[in-house]
Protein chains: 2
Amino acid sequence: MDLTHTEENYIKVIHHLSNGGQQLVSTNSLANYLGTSPAAITDMIQRLHQKGLIIYQKYQGVNIAAPGTAKAMQILRRHRLWEVFLVKKLKFTWDEVQEVAEELEHVQSDLLIRRLDDYLDHPSYSPHGEPIPDIHGEIKTQAQIVLSQLEIGSTGTLVAVKDDSAPFLQYLNKKNIYLGAVVKVLEKNSFDQSMEISIDGSIGITISPKASDNLLIIC
Amino acid sequence: MDLTHTEENYIKVIHHLSNGGQQLVSTNSLANYLGTSPAAITDMIQRLHQKGLIIYQKYQGVNIAAPGTAKAMQILRRHRLWEVFLVKKLKFTWDEVQEVAEELEHVQSDLLIRRLDDYLDHPSYSPHGEPIPDIHGEIKTQAQIVLSQLEIGSTGTLVAVKDDSAPFLQYLNKKNIYLGAVVKVLEKNSFDQSMEISIDGSIGITISPKASDNLLIIC
DNA sequence: TAATATATTTAAGTTAGCCTAAATTTGTTT
DNA sequence: AAACAAATTTAGGCTAACTTAAATATATTA
């Protein structure tokens with residue numbers, strides 16, 4: 001089923017605000033999130049319910065339905081692949097990608113997304129560390145842990161940051177720490193919780209506990 | 001001024017059908033080209049005239065105005081850069097690009113287009129051999145002639161096709177004839193107007209007059 | 001539990017972009 | 001030049017996606 005850009009956005013937001021279907025989403029929270037009037041929300045959710053993409057009962061809020069989830073996964077896949085493209089190939093910074101990816105995600109062409117995926121070597125994570133659904137809409141869920149919990153001698157792949165404020169990102173930049181890097185814990189200093197790590201085989205880098213608590217890795 | 005996707009499409013088509021402003025375009029020809037009713041055309045051209053993008057007099061047809069030309073150049077630039085990307089990077093074939101580029105050209109981000117242009121090394125021609133306007137909307141014009149007029153022993157660079165129907169593009173594909181190639185005329189058979197040519201120094205390839213009349217080259 | 005506040009829906013209206021049918025202008029032919 | 005044909009515009013309507021204002025349902029609290 002083909003949706004309009006707006007319908008796709010609603011589906012994406014309902015999927016997000018319902019935590020993937022775990023909770024009901026109120027009309028007001030949608031209106032608030034999307035910056036439209038509650039009346040506009042009611043209008044649209046009635047249409048999406050009609051189409052079977054969401055579950056809706058008058059005055060009771062909405063939830064995403066199975067076909068809606070599939071659609072949401074497709075949109076997330078497109079969005080995150082474009083983000084990878086923008087950052088890896090076009091040298092966008094993390095904070096520049098959102099707006100453009102928001103538009104690119106609505107370009108309708110399965111062939112395009114398949115080729116883009118090939119071109120990018122089938123990435124599993126966006127530059128923000130969000131998992132990229134595969135072509136079937138499946139997300140490979142791998143438990144993420146904070147770097148500070150990794151044991152000495154163990155390695156993991158850096159996939160996300162908890163704090164994506166500019167100062168922290170600049171700090172990471174300066175220390176040559178980037179997403180996708182293989183991190184190895186060389187040492188832990190128990191008296192101040194600082195860590196010595198190597199990034200993709202580099203020599204030891206010292207990072208503070210504040211940093212290691214905000215870096216997410218998979219093993 | 002920001003235009004809707006539809007308005008951008010109208011501007012593009014009016015620019016095209018007016019030959020860049022050289023002739024008036026009738027309501028009917030627009031309706032025909034766009035596959036909509038003449039009434040819808042009248043609707044839209046009144047709006048575009050209001051915005052100063054086209055020149056319009058009731059019952060007299062329209063022409064592109066200077067601001068419309070600037071907009072058309074911007075759209076053509078986006079379209080053709082995306083075409084280069086799709087073909088060069090994503091391995092699309094000539095006949096696969098049109099539809100997707102048609103969507104991508106409407107993504108609004110000057111930064112995106114600037115970065116894409118950098119990434120592609122500032123190409124001057126699309127895969128169909130159409131010139132790509134620069135960031136100021138200027139087109140570097142070089143006289144194009146049809147291959148059939150090239151003399152024996154002369155060479156030229158293939159930059160465009162007159163006929164870009166799928167069958168013709170597939171024919172070219174099969175004969176290993178591609179845009180950007182250096183073409184040399186080896187022989188001309190006067191009885192059937194067929195030609196022997198070499199492509200980037202290849203051995204002789206025989207092409208029909210129908211083909212050589214539809215291949216545009218610069219010398 | 002009744003009164004009140006909040007959330008949600010309905011009603012009526014708007015704009016973009018289309019449609020068909022009717023009216024009007026322009027072009028062509030005799 | 002009048003009559004007809006073709007092209008164009010106007011009029012009235014439709015859907016998607018919004019708006020504000022009014023009505024109604026739900027939640028809260030005295």
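Every heavy atom of this structure was used, including side-chain atoms; hydrogens, water molecules and symmetry mates were not. Per chain, numbering begins at 1; letters A, B, ... match sequence-line order.
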Selected nucleotide, minimal atom distance to [X] side chain, candidates [options]:
{"X": "Arg47(A)", "options": "dC19(C), dA16(D), dT8(C)", "answer": "dA16(D)"}
{"X": "Asn28(A)", "options": "dT20(D), dA7(C), dT10(D)", "answer": "dA7(C)"}
{"X": "Ser26(A)", "options": "dT9(D), dT19(D), dT8(C)", "answer": "dT8(C)"}
{"X": "Gln46(A)", "options": "dC18(D), dG17(C), dT9(C)", "answer": "dT9(C)"}

### Query
With distance as the sole criterion, is a donor-acceptor pair present between the side chains of Gln98(B) and Glu102(B) under 3.5 Å?
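There is such a pair (donor and acceptor under 3.5 Å, judged by atom type) between the side chains of Gln98(B) and Glu102(B).
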
### Flag for Thr93(A)-Asp95(A): side-chain donor and acceptor within less than 3.5 Å
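Asp95(A) vs Thr93(A): donor-acceptor pair found between side chains.
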
### Query
Charged N to carboxylate O under 4.0 angstrom, Lys71(B) versus Glu7(B)?
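The answer is no: the pair does not qualify as a salt bridge.
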
Can you tell me the distance, in whole Å, between the [atom1] atom of [X] and the [atom2] atom of [N]?
{"X": "Ile45(A)", "N": "dC18(D)", "atom1": "CD1", "atom2": "C1'", "value": "15 Å"}
{"X": "Asp43(B)", "N": "dT8(D)", "atom1": "CG", "atom2": "C1'", "value": "13 Å"}
{"X": "Leu30(A)", "N": "dT8(C)", "atom1": "CG", "atom2": "P", "value": "9 Å"}
{"X": "Ile41(A)", "N": "dA16(D)", "atom1": "CD1", "atom2": "P", "value": "17 Å"}
{"X": "Met44(B)", "N": "dT8(D)", "atom1": "CE", "atom2": "P", "value": "18 Å"}
{"X": "Leu34(A)", "N": "dA17(D)", "atom1": "CG", "atom2": "C1'", "value": "12 Å"}
{"X": "Tyr56(A)", "N": "dT9(C)", "atom1": "OH", "atom2": "C1'", "value": "7 Å"}
{"X": "Asn9(A)", "N": "dC18(D)", "atom1": "CG", "atom2": "C1'", "value": "14 Å"}

### Query
With respect to the phosphate group of dT10(C), does any side-chain polar atom (N or O) of Lys58(A) fall under 4.0 Å of OP1 or OP2?
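Affirmative; the distance criterion is met.
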
### Query
Phosphate oxygens OP1/OP2 of dC18(D): is one of them under 4.0 Å from a side-chain N or O of Ser37(A)?
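False: Ser37(A) side-chain N/O out of range (4.0 Å or more) of dC18(D) OP1/OP2.
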
### Message
Judged by each residue's nearest nucleotide on DNA chain C, which is more toward the 5′ side, Thr36(B) or Lys51(B)?
### Response
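With Lys51(B) and Thr36(B) compared, the 5'-side residue is Lys51(B).
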
### Message
Return whichever of Tyr59(A) or Tyr10(A) has its heavy-atom-nearest nucleotide of DNA chain D closer to the 5' end.
### Response
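By nearest-heavy-atom nucleotide position, the 5'-most residue is Tyr10(A).
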
### Query
Relative to the 5' end of DNA chain D, which residue comes earlier, Gln60(A) or Gly35(A), by the nucleotide with the nearest heavy atom?
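Residue closer to the 5' terminus by nearest nucleotide: Gly35(A).
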
### Task
Give one of base, sugar-phosphate or nothing for Thr6(B), where a contact means two heavy atoms less than 4.0 Å apart.
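Result for Thr6(B) = sugar-phosphate.
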
### Task
Would you mind classifying the nucleic acid contact of Thr27(B) as base, sugar-phosphate or nothing, using non-hydrogen atoms under 4.0 angstrom?
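The residue Thr27(B) makes sugar-phosphate contact but no base contact.
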
### Query
Under the 6.0 Å and 45° cation-pi test, does Lys162(A) pair with Phe168(A)?
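No cation-pi geometry.
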
#### Entry: For Arg77(B), the option from Asp117(B), Asp110(B), Asp134(B) that meets salt bridge (Lys or Arg N to Asp or Glu O under 4.0 Å)
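Testing Arg77(B) for a salt bridge (Lys or Arg N to Asp or Glu O under 4.0 Å) against Asp117(B), Asp110(B), Asp134(B) leaves exactly one candidate, Asp117(B).
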
